[in-house]
Visitor: 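Got a structure for you, written out below as structure tokens; questions coming shortly.
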Amino acid sequence: MPIEIPLDKWPGSVREVKIGATAPEGGTRGRTVVVGGQKSMPFMHFEAPAPHRPVIAIEVKNRRPEDWSPLLANVWGDAMDDPGKWAKAAETVGADLIQITLSLGTKPDEAVQTVKAVLASTGLPLIVFGPGQAEADNELLVPVAEATKGERLLLGICEDKNYRTIVATAMANGHLVNARTPMDVNLAKQLNILISDMGLPLDRIVMDPSTGALGYGIEYGYSVMERLRMAALQGDSMTQLPMLVTPGFEAWKAKEAKVGSGVPASWGDWEQRAINWETLTAVALLESGADIIVLRHPESVKRVRSAIEELASEPVTA
Amino acid sequence: MALSGIQIYKLLPQTNCKECGFPTCLAFAMKLAAKQVELSACPYVIEASKAQLAESAAPPIRLITLKSNGYEVKAGNEVVLYRHEKTFYNRPGLFVRISDQLPVEEISALAADVEGYTTNYVGIDLTMDGIAVQAVSGDPAKFADAVKLVRKSSHRPMILMSDNPSVIAAGLKELSGDAAMIYSATSANWEVMAELAGTHKAALAVSSGSLEELADLTEKIKAKGVEDLVLDPVGENLGSSLILSTQIRRLALKKNFRSLGYPVVSFPKNPEAAAQAIAKYSGFVVIDHFTAELAYPLLVLRQNIYTDPQKPIQVQPGIYEINSPKPDSPVLVTTNFSITYFSVANEVEGSGLPAWLVVCDAEGMSVLTAWAAGKFDAERIAKSIKGFNVAEKVSRKRVVIPGHVAVLSGELEAELPDWEIRVGPREALDMTTHQVTFDVASQPISVPSGALLSEAARLAGVEIIQPCGGQGRCGRCTVQVVEGTVRRRSTLRLSSEDIDEGYALACQTVVESDLNVLIPPQERIERRLTTDLTVAEVTVPIGYDYRFYQSIRRVNLTITPPSMDDQTDDLSRLLTALRQQAQFTNVIVSMELLRRIGSILREADWEVTAILDIHETLGGGGIQEWLIDLLPGHSYDYDPLWGISVDIGTTTVTLWLVDLLTGSVKAQVSEYNGQISRGEDVISRIVYASKNGGREELRNLVLETINQLLELACKRVVGYQVRSTDVVKATIAGNSTMMHLLLGIPAGSIRLSPFVTSVNYMPLLHGRDVGIKVNPEAVVDCLPGVASYVGADITAGVYSSGMDDTDKLTLFMDVGTNGEIVLGSSEWLVTCACSAGPAFEGAGVVDGMRATKGAIEEVWINGDSYEPTYRVIGGGRPRGICGSGLISVLAEMFMTGIVDKAGNINNHLEHPRVRQGEHGWEYVIAWGTDTEHKRDIVITHVDIDNLLRAKGAIFAGYTVLAASVGVPMDMIDQMLIGGSFGKYINVEKAVQIGLLPDLPWDRFQFLGNTSARGAYYALLDRNARERIQDIARRMTYIELSADNTFYEAFISALFLPHTDLSLFPSVAAAMQKELENS
């Protein structure tokens, strides 16, 4: 029996955002990453093939993180003591971008040196996050942005209470901002409006709707991302931005991934569980529309990469 | 296709008989639309409607149930593609595949592992659902043995996998009584497989790589009478599986394509594929390798994806152990909202503090929300502590409650007398303690950082009275902090000088360091008693004719005196005269009047004036004439006949004295409700009333106010000496709480779920019963309300607006501390209430004030210089700013870019009027040199937040109400606005800040105090009671907090003018213009 597959006819599409700049473009990157451009819900190729695949970033820190799981310390080894080496190692295991997260207590000149070192050690585009406290973020990101003018870094964390300073410096120095809001469609849209009202073009904003890990509120993030993507496709320009999420950070914060002892036997093998936790969190978020996935463990990177390959493969003819 | 509530309503009898258990047919229709009730609950629905409704209710995806002894797994019945659209209902069954080729010991062991696997997630035990046995051998006997073995170790439902019907048949024989799944039918074997499925009542999976062939097969099998089918679209990889299962779900839901209206079974090759199958539409998921480290995350993911997004996610209430607590570890208390639980549990865990965490059932709300809704009170906490037998686990009975609900500690002590009650921090991450020294206390007290000063005082044995229940409204708990750091969450009723001197509201001030605190002698807080001398425009209703509309009759009687020849009694004489001279045949005389008849008749020498109130008896049978008064002598036709209409507001009581003969209002007076000193909002009044003697006290306070107003109104009348007892009729409107408190009826149930009143329809009462000093016999008509938060003030408002009697689709709102909203027309009426807070009344704002003399009522700001000009009520120098001024200044600040769309003051703007003040960033509206009190008048970012919340709540209230009945805003023909702020509001500015919708301005109409007006109209119309009762009966109350729609609408309205600018095209245009100008 002939079947007519119902097609969603979306009037809108996600904006393309390019991270990083090569030498001719005014930066020093070996290559750039473009995300966005979708005209359909995630991986619905039979409606409209997506021009760009989701990408994977690996998170590194400028100082060895003492609170990270021993599993991560084991796998990255000494590279964790040197952000440049760590970034290089991350590139080797398949990262598309590097996210460098500046630790709390970092001094402005130290931050600038770190970012420069990472820029020197890898040709990948960079995401630079401050420690996540408004004042510290402003204090570190402004000198970093000024010292790396033209690199099209993605700067975070830009939130509704401290967006002005970061947006201003991104505008002045040719960077992008990562607009983070706490798992709410309206708040995400509101922040995009506030940022673009300052004059930063929309193709220099990535939304970070934030998420919870598996078991810790992932369903909120999952649905918020689906709704944001639908709003974008319906033509709401203030939601037509690619989305970044940090399943690595979220999953490795959870007890399920972080610790190996004092947990129920029904949780099974620690390392496999931890990688499953990060990978499944990431896959669920891919299905709901993530464009940039920030991970921590190389094995997760491998598995998520393989999932992206399968999802982004050519359409089957039904 | 699913029908909307209004569409279903049109198919129902529309009689509002209540037999279905809902107050109106519309309420029932909305429950039907939400699939929360069965149509069979309506005994009167006609057959034609039934058929139509049944069609719309048939599930587009068939429900398939696999069963075994004691277990079942359901799939299907799903109605959405994305979980946020409603919810996913039936969690997919998780099965593990076992090959019949495995050694028998392995088969048994694996089956036992799957059977026995259980893991706990937020208090819920999660298990696998069943086992799929695959006939890799192709040998019926071997397969049957494997099935038998599995069945020995596991009682769970099974899937039998083979494309050979005789192998399947052998397996099925081992599973008699089960509803298993056969996997699978193909184009080659479907006939025999269908037969087997039919005979064994098994579900039949159908496999094909093409959707066309799959649909053909299901049709053929269905024709054989087998309808319990499952689809296997044979996806090659993640990408194709996702597309196929999406297409199947879309066809079923969007096209109602029955041939593919079945759940899907999938066989993921790796954990990622299994996760996708769970999120993306599989009804049954069969994994190849069973390990705990995979089962656990998959079960959790399934739990997460299938939670109802409309409901807050809950943790199982109970007692949780953190960091291996010992008997002397503290007991912490929190609510069962999952996010709250996670944050508390994580922080405590991280701190290393061993503790018992008691999770109370607060219906999944966070601490503050639950407390506000009455779901997290002392009673519930005590119930949890007792219910979970906490006392048995601890040696030291010490319980720590969240800092946000410090106010509960007193009540909790009463509920748990043998426990020590401690107040914890507001945020879980703050655990340090400080010393607080009170001048009147003997020794310092140690409290956690973040504790309230009022709580510290209580622990120190220092009494601080809190009439408003600790909500920061009354200002009576003011203390002076002479040393140390505090954070003032609210500074309502404190001047900036006060703050400089260290004054703070104990109930709103958080301890942040060691402190020295003075308790000032408790002065009586001055409360202005205002009298509203400005009389609102009131006109007598057109066509008012005393003879037709008034229930009161006044007749002059000349009675034959008794004599020795005629010894008829006095009463009979009076009744005879009433019958003969006025045709009143059914007169009722009260005991009180009976006692006085004799003397009145004799003193008046048998010439009297009788005043009667005429009412139909119940059931509309006959007419009764109640004798209200008997006065000596005859009256003149034009002598006034007095009645009063009263509106009891939570804040203000208004009384109009009316000449019933002409209908004209002769005096209007108003005054603050005397109950204010016992709490400023209805919730704190209810709480107060529930305390010992509180109910009687509140009743007396409001009676005092009404009686004083009555005296005052009588004095106001020019040309007549009016006594209060000359008033022969009264009507009263007011919200449900005010009505209960006036009559001394317990109001506690109004505040607590399921939020019901004691009485919505009051019987007719008399002055003497109510305690109002009108004529004791005067009928007092307390107008009927609809629900706890939709009272007679609203029914009276609707009545006075006439919206119940017009074809025009009307939105009526009464904006006060509580915003009440009614939408509808003569056809139907829906209503809701939302809590807006007092900002529009000028309260809760640093320089806010009521709209009286000296208030800034309108502001204009120059877009280039940022300099304001303003208008002050009564001219002269300003003292503060009222609601309309606040709306105006916010709109101007927004349009000129002084605040961004989120209401943040632009701190990059270098201008003397934009500065960092006591409360953070602020804008100076008037310099001290220009004000009456010589202080600057400012609007702070906290004020702006309060205003945004107030306007957001009201906007969300009426848009959600309209959406709940499927009415787009622009379909609304007229918008009527009541409340005291309504007189002054500027439509343009109110639209600019997103308080009012962007409709043509001629659709807005301001009505002033609609409740008072409704009571007045009711006083003049003998049919009013019936009409208002009819309005009350027809109004369907929508509970806004029933799901998270309101919350979403509220968040999106916390923006200027709104997150979705396309809702405000005129504002967008004005902003564009402003941009071009600058």
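Computed from a prediction, not measured in an experiment: that's the story for all the values here. Chain naming here is simple, since letters A, B, ... match the order of the sequence lines and numbering starts at 1 in each.
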Visitor: Whether K269(B) and E310(A) form a salt bridge (side-chain N of Lys/Arg under 4.0 Å from carboxylate O of Asp/Glu) is what I want to check.
Guide: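 Result for this pair is no, no salt bridge flagged.
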Visitor: In plain terms, say whether E226(A) and K280(B) are close enough for a salt bridge, that is, a side-chain N and a carboxylate O under 4.0 Å apart.
Guide: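 Yes, charged N to carboxylate O under 4.0 Å.
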Visitor: Counting N and O atoms only, with roles assigned by atom type, does the side chain of R83(B) sit under 3.5 Å from a partner on the main chain of E219(A), one being a donor and the other an acceptor?
Guide: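 Between the backbone of E219(A) and the side chain of R83(B) there is a qualifying donor-acceptor contact (under 3.5 Å).
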Visitor: Any side-chain to backbone donor/acceptor pair from Y296(B) onto G268(A)? Under 3.5 Å, distance only.
Guide: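 Such a contact is absent between Y296(B) side chain and G268(A) backbone.
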Visitor: Do side-chain atoms of K254(B) reach the backbone of P6(A) as a donor and acceptor pair under 3.5 angstrom?
Guide: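 Flag not set: sc K254(B) to bb P6(A) has no pair under 3.5 Å.
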Visitor: Out of M230(A), R273(A), M238(A), R164(A), return the one with the most heavy atom pairs under 4.5 angstrom to chain B.
Guide: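 Between M230(A), R273(A), M238(A), R164(A), the count favours R164(A).
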Visitor: Please look at W267(A) and chain B and tell me whether the side chain, the backbone, both or neither of the residue comes under 4.5 angstrom of a heavy atom of that chain.
Guide: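 Both backbone and side chain.
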Visitor: Verify, without hydrogens or angle tests, whether N304(B) (side chain) and L214(A) (backbone) share a donor-acceptor contact under 3.5 angstrom.
Guide: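 Pair absent, no side-chain N/O of N304(B) close to backbone of L214(A).
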Visitor: With a 4.5 angstrom heavy-atom cut-off, is it the side chain or the backbone of D197(A) that approaches chain B, or both, or neither?
Guide: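 Contact with chain B is through the side chain of D197(A) alone.
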Visitor: Would you mind checking which part of T246(B) comes under 4.5 Å of any heavy atom in chain A, side chain (CB onward), backbone (N, CA, C, O), both or neither?
Guide: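 The side chain, not the backbone.
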Visitor: Between E256(A) (side chain only) and P297(B) (backbone N and O only), is there a donor and an acceptor less than 3.5 Å apart?
Guide: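 Checking the backbone N and O of P297(B) against the side chain of E256(A), no donor-acceptor pair under 3.5 Å is found.
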Visitor: What residue, out of V224(A), N186(A), I193(A), D236(A), has the most heavy-atom pairs lying under 4.5 Å from chain B?
Guide: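 It is N186(A).
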Visitor: For I5(A) and L211(B), what are the C-alpha separation, side-chain angles and deciding distance, and is it a side-chain contact (heavy atoms from CB on, under 4.5 Å)?
Guide: CA-CA 10 Å; I5(A) 303 287; L211(B) 292 185; 3.9 Å; yes
Visitor: Kindly say whether S223(A) contributes a backbone atom to a donor-acceptor pair with the side chain of Y82(B) at under 3.5 angstrom?
Guide: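 A pair under 3.5 Å: no.
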